[in-house]
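First the structure, in the form of structure tokens, and then the observations on it.
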Protein chains: 2
Amino acid sequence: MNGEAPHNNAESTGNLTRTPLSEQVRRIMLDNLVRGRWQAGQRIVERRLATELGVSQAPVREALRDLQAMRLVESSPHRGTRVGDLSPRRLCQVYPVRAALERLAAELSLPRLAEDPSRLEEHTEGMRRAAAAEDVDAQVRHGVAFHREILRAAGNAVLLPSWESLAVELWTHLSLTRVRTGLHENARDHEPIIEAFRRRDPDVGRLLQLHILGYAPQPIGAS
Amino acid sequence: MNGEAPHNNAESTGNLTRTPLSEQVRRIMLDNLVRGRWQAGQRIVERRLATELGVSQAPVREALRDLQAMRLVESSPHRGTRVGDLSPRRLCQVYPVRAALERLAAELSLPRLAEDPSRLEEHTEGMRRAAAAEDVDAQVRHGVAFHREILRAAGNAVLLPSWESLAVELWTHLSLTRVRTGLHENARDHEPIIEAFRRRDPDVGRLLQLHILGYAPQPIGAS
DNA sequence: GCTTGAGCGATGATCGATCGTCGGTTAACG
DNA sequence: CGTTAACCGACGATCGATCATCGCTCAAGC
């Protein structure tokens, strides 16, 4: 497939590290989900999508597997794949898990971040700028980066991948664009967390946990 | 491949639900890891494994993806896959994450399990029997089932998959067979947790968290 | 008219083959 | 003899094709 045209429909023209096709496909699919081009429950036919993207079935399949691990699509053998539940109801299930993981991360990373919270500050600054420019995408990117930095600082090679598998970036985007919480409030909300790190507050974990649960439509959604 | 012979090399002869090849491959690979047939860092060549198992490259690749999501193998593009770190050091990173998730699960499932902890009791009973019979496999199975039951009772569709991706069953097996903790102690260790559920102890989450961290060689392993 | 099962199209699962890259090896050069 | 660059085998990534299964349709039977 992809006959003879230079298949650089991505923004990266001539970058040295060619990304695998499956990775590119994954990004496109994520983008489709974020932009709402795909509705919940909609059928995703591997071959059709492969044809549309000009690739074979294999990379599409691999990308689909990734999204499946993130619970963004649901597959059952011989019955195909369909867009998963992206409703606020599902978000209420994602956030408690995310909050629990980040609480652990905060506790583990406390010494390191108390020593040097500069990275966190950079991201809040980025959020502020993005909010001022009304750039939702950038705001999400910085907001997620803030939290990802905490995960990274925890220094646990298992914790970060588990968190990544929650597709926080996507859910944050959906939350901002669909539920439409107050936008630029976010930057300010993160200040107390940095402060807690600075003063080595042993409750920083719980603080962060509550901070995240505050994002969910209902703070606690169980059973 | 698999020329003409009925490809039922699995134990399930004539079961109605044929399992996909990739699933069978995944189980075999997990077994290889548990039994120690594969050493850490060892190279896993997709095609060689495919030939050995009498299947094509595709199902092996899919199974490999699953194990990769569980951090049991490590892959990098064009450089192949190798067996991941299965050392106690890594286990010390898995258990805090697991403990955090199960703490959340316990808190969410408290009302339900306080109402009816019979399932939990069944599993501790199973653990006792398995310990008496010195059946390590069965003991692991019941021990993990105990915890999985808590996850399931939490009723969070995101929490359970996240927990499953930690490969708790495999790590428990490794912990028991390699580090060789006291065996039949496990059944008794779980009694206080059931009791905590029964009396609706709001600290049951923390109790469970500490219970799990007690399994790790060092209770807290950070940085 | 309602049920039921054969037929059919759509689709996921798997396969065998090819393409391009990576890492090590070897041979030319200084 | 040490360095470097072309070469080569191995392997992952991707492809196009085939196979088996599922859900649906429609007609036969009651």
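None of the values given here were measured: they were computed from a predicted structure. When reading the values below, keep in mind they use all heavy atoms of this one structure, side chains included, and skip hydrogens, waters and symmetry mates. We name chains A, B, ... by the order of the sequence lines, and we start the count at 1 in each one.
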* Could you please name the option among dA13(C), dT14(C), dG12(D) that lies closest to any side-chain atom of Glu46(B)? => dG12(D)
* Please determine if a side-chain N or O atom of Ser22(A) lies less than 4.0 Å away from the OP1 or OP2 oxygen of dT14(D). => yes
* Does Arg61(A) place a side-chain N or O at less than 4.0 Å from the phosphate oxygens OP1/OP2 of dG12(C)? -> no
* **Value in whole Å for how far the C1' atom of dA13(D) lies from CZ of Arg65(B)** => 10 Å
* Output yes when a side-chain donor or acceptor of Ser175(B) lies under 3.5 Å from a complementary backbone atom of Trp171(B), and no otherwise. => no
* Whole-Å distance separating the CZ atom of Arg82(A) from the P atom of dT11(C) -> 11 Å
* With sugar-phosphate meaning primed atoms plus P, OP1 and OP2, does Ile44(A) contact a base, only sugar-phosphate, or nothing at under 4.0 Å between heavy atoms? -> sugar-phosphate
* Under 3.5 Å, side chain of Gln42(A) to main-chain N/O of Gln39(A), donor-acceptor pair present? -> yes
* Give Arg79(A) one of three labels, base, sugar-phosphate or nothing, depending on what nucleic acid heavy atoms sit under 4.0 Å from its own. => sugar-phosphate
* Round to a whole Å and report the spacing from CZ of Arg43(B) to C1' of dC11(D). => 7 Å
* Structure fact -> Taking dG16(D), dA13(C), dC15(C) as options, the one with an atom nearest any side-chain atom of His78(A) is dA13(C)
* pair Arg43(B)-Val83(B): side-chain heavy atoms closer than 4.5 Å -> no
* Within the structure shown, what part of the strands sits under 4.0 Å from Ser75(A) by heavy-atom distance: base, sugar-phosphate, or nothing? -> nothing
* To do: Ignoring the backbone of Gln57(A), work out which of dC15(C), dA17(D), dC11(D) is nearest its side chain.
  => dA17(D)
* Taking the side chain of Pro77(B) as heavy atoms from C-beta outward, which of dC15(C), dA13(D), dC15(D) is closest to it? -> dA13(D)
* Asked: Do His211(B) and His147(B) have their ring centres less than 6.0 Å from each other?
  -> yes
* To do: Using a heavy-atom cut-off of under 4.0 Å over every strand shown, decide if Glu62(A) touches base, sugar-phosphate, or nothing.
  => nothing
* dT18(D) base / Arg47(A) side chain donor-acceptor hit below 3.5 Å -> yes
* Looking only at side-chain atoms of Val45(A), point me to the closest of dG12(C), dG16(D), dT14(C). => dG12(C)
* To do: Rounded off to whole Å, could you give me the CG-to-P distance for the Asp66(A) and dA13(D) pair?
  => 12 Å
